[in-house]
Amino acid sequence: MSFDLTEEELLAAATREAWLDPDRYWRSIHDAVREHSGPVVALSLPALTRNAHDLTRRAGGIPIRVASKSVRSRAVLDAVLGLPGYRGVLAYSLPEALWLAQGETGVDDVVVAYPSVDRAALARLATSEDLAARVTVMIDDPRQLDLIDEVVRPHNRARLRVCIDLDCSWKSPLLGHIGVHRSPVHDPEQAEWLAAHIAGRAGFTLVGVMAYEAQIAGVADRPAGKPAAGALMRAVQRASGSELAERRAEAIARVRGVTELEFVNGGGTGSVERTAAEAAVTEVAAGSGLYGPHIFDRYEAFDVAPAVGFGLDVVRKSSPDRATLFGGGWIASGPTAPDRSPLPVWPAGLSYEPREGAGEVQTPLRGAAARSLEVGDRVWLRHAKAGEIMEHVTHIVPISAADQALEPITTYRGEGQCFL
Ligand SMILES: Cc1ncc(COP(=O)(O)O)c(C=O)c1O
């Protein structure tokens, strides 16, 4: 089953922004999927359409490469790639990239965002001219190139497309390391050196640079109830952004002095407008902003529509003022903190038991609404992040502009794929 996000009816529904009235929004999703057994994951197509269009508006005309780890459904990837403003996939694993790219209807431009040492997958890539023309691997160390050479010697393989991962963390004189610990290629000189190294090796073509500023794109700058922390975060992000803009421009100029590049990728949902404004960047990456998970409610510069929610069933009541859900512990990755838990959104006014939180097989909820919940009722929640929820289900139920449940679409898991 596939679907299209381009119909006028969808756009019209998207502009009505039904999610601004959460009670009606979640109730209509609830009614639409009433016949589906829980746990059920629903995807509002008007909300997805709104989010997809808002991301392109924020990108200001430069193409968006879809971060597939934040989507994990082939049908959704295809629908989004069918929209103007989207081009190519930023995949998270090489086997995933090969799976997406293979065959006549395969995606013709897939960049794997992280280095791979999967020898079997590298062998598949290197022995297929077709896959090697569609898939780009990520490099930040000559050792990764050596490993590919060990798998298939350069004279026995297709030329492989490679991309340099430029580290975007900020080495702040005052605050220390701000950002993630990924690539060792930080300085423009290091990027130039690695580009020259790749150019001097047989069997590789350097086609791009990826420079992802996690400390700006992935960190909310308006944390709930903490205005001072938000102000500090915005100041740090501004300072880090200025440092990066200069360094990224110099690194790209130096790399372009070695070889022509097809693309320079940067950013993520949280930084689209800021990253797109840099002249050195030719495309931005984004994925989470499509589903609109609740961590992205806390950014100053943009809003997301909650396109994905999941419904869990009440299976028992330990007391009149508590309702216990079947399942619930779909905690998001990252630094372990309360904001990584799913957020109960409907009926309004439910909260976790502090000592239990979101449980593996069952989750007791309390709060005013718990009193009126009965065995067999359903509660709706939003995941903290975008893609991980899709590892828990085989299908997603799309909800149409007319609030109808459409035929379920598959997640990666539903297609028998488990990449990570
Ligand atoms: C390399 C890279 N680019 C972009 C993103 C942004 O993805 P999203 O839009 O889902 O936040 C990520 C997320 O971790 C990433 O690792």
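We use all heavy atoms of the structure for the numbers below, so side chains are in, but hydrogens, waters and symmetry mates are not. Predicted model only: the values in this text are computed from it and were never measured.
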- Message: Tell me whether the rings of Tyr412 and Trp99 are parallel (<30°), tilted (30 to 60°) or perpendicular (>60°).
- Response: perpendicular
Indicate every side-chain donor-acceptor pair of residues 76-93 with a distance under 3.5 Å to a residue at least two apart or in another chain.
unit_1, atom_1, unit_2, atom_2, d
Asp78, OD1, Arg74, NE, 3.3
Tyr86, OH, Ala52, O, 2.7
Ser93, OG, Glu96, N, 3.1

- Item | Salt-bridge contact Asp313-Arg378 (side-chain N to carboxylate O under 4.0 Å) | yes
- Task: Decide ring-ring contact (aromatic ring centres under 6.0 Å, His included) for Phe310 and Trp330; before the verdict, give the C-alpha distance in whole Å, the side-chain angles of both, and the deciding distance to 0.1 Å.
- Result: CA-CA 10 Å; Phe310 61 102; Trp330 295 351; 4.7 Å; yes
- Item | Ser271 side chain to Thr275 backbone, donor-acceptor under 3.5 Å | no
- Tightest non-hydrogen contact, residues Thr363 and Gly327, listed as OG1-O, 2.7 Å
- Task: Applying side-chain contact (heavy atoms from CB on, under 4.5 Å), name anything that partners Ala276, two or more places apart in sequence or on another chain.
- Result: Ile62, Val284
- Message: Determine whether a donor-acceptor pair (N or O, by modelled atom type, separation under 3.5 Å) exists between the side chain of Asp140 and the backbone of Val185.
- Response: no
- Between the side chain of Ser128 and the main-chain N/O of Leu125, is any donor-acceptor distance below 3.5 Å? no
- Does a salt bridge link Glu388 with Arg72, judged by any charged N lying under 4.0 Å from a carboxylate O? no
- Message: On the six-membered ring of Phe326, is Arg316 placed so that its NZ or CZ lies under 6.0 angstrom from the centre and within 45° of the ring axis?
- Response: no
- Message: Looking at every heavy atom in both Val393 and Arg413, which two are closest together, and how far apart are they?
- Response: O-CB, 3.6 Å
- Contacts of type ring pair (Phe, Tyr, Trp, His ring centres under 6.0 Å), residue Tyr212, not counting sequence neighbours: none
- Check: Leu174 main-chain N/O paired with Ser172 side-chain donor or acceptor under 3.5 Å: yes
- Please name all residues satisfying ring pair (Phe, Tyr, Trp, His ring centres under 6.0 Å) with Phe302, sequence neighbours left out, ordered by chain then number. Tyr299
- Task: Evaluate salt bridge (charged side-chain N to carboxylate O under 4.0 Å, His left out) for Asp297 paired with Arg382, printing each intermediate quantity in order.
- Result: CA-CA 11 Å; Asp297 291 348; Arg382 288 168 67 202; 2.8 Å; yes
- Task: Could you tell me the separation between the CD1 atom of Ile198 and the CD atom of Gln144, rounded to the nearest 0.5 Å?
- Result: 9.5 Å
- Message: By the salt bridge (Lys or Arg N to Asp or Glu O under 4.0 Å) test, which pairs, at least two apart or in different chains, include something from residues 355-377?
- Response: Glu353-Arg366
- Message: Quick check against the 3.5 Å criterion: does Gln190 have a side-chain atom that pairs as donor or acceptor with the backbone of His186?
- Response: yes
- Item | Salt-bridge criterion met for Asp187 and Arg247 (N-O under 4.0 Å) | no
- Non-neighbouring partners of Ala32 that pass side-chain contact (heavy atoms from CB on, under 4.5 Å), sequence neighbours left out: Ile399, Ala405
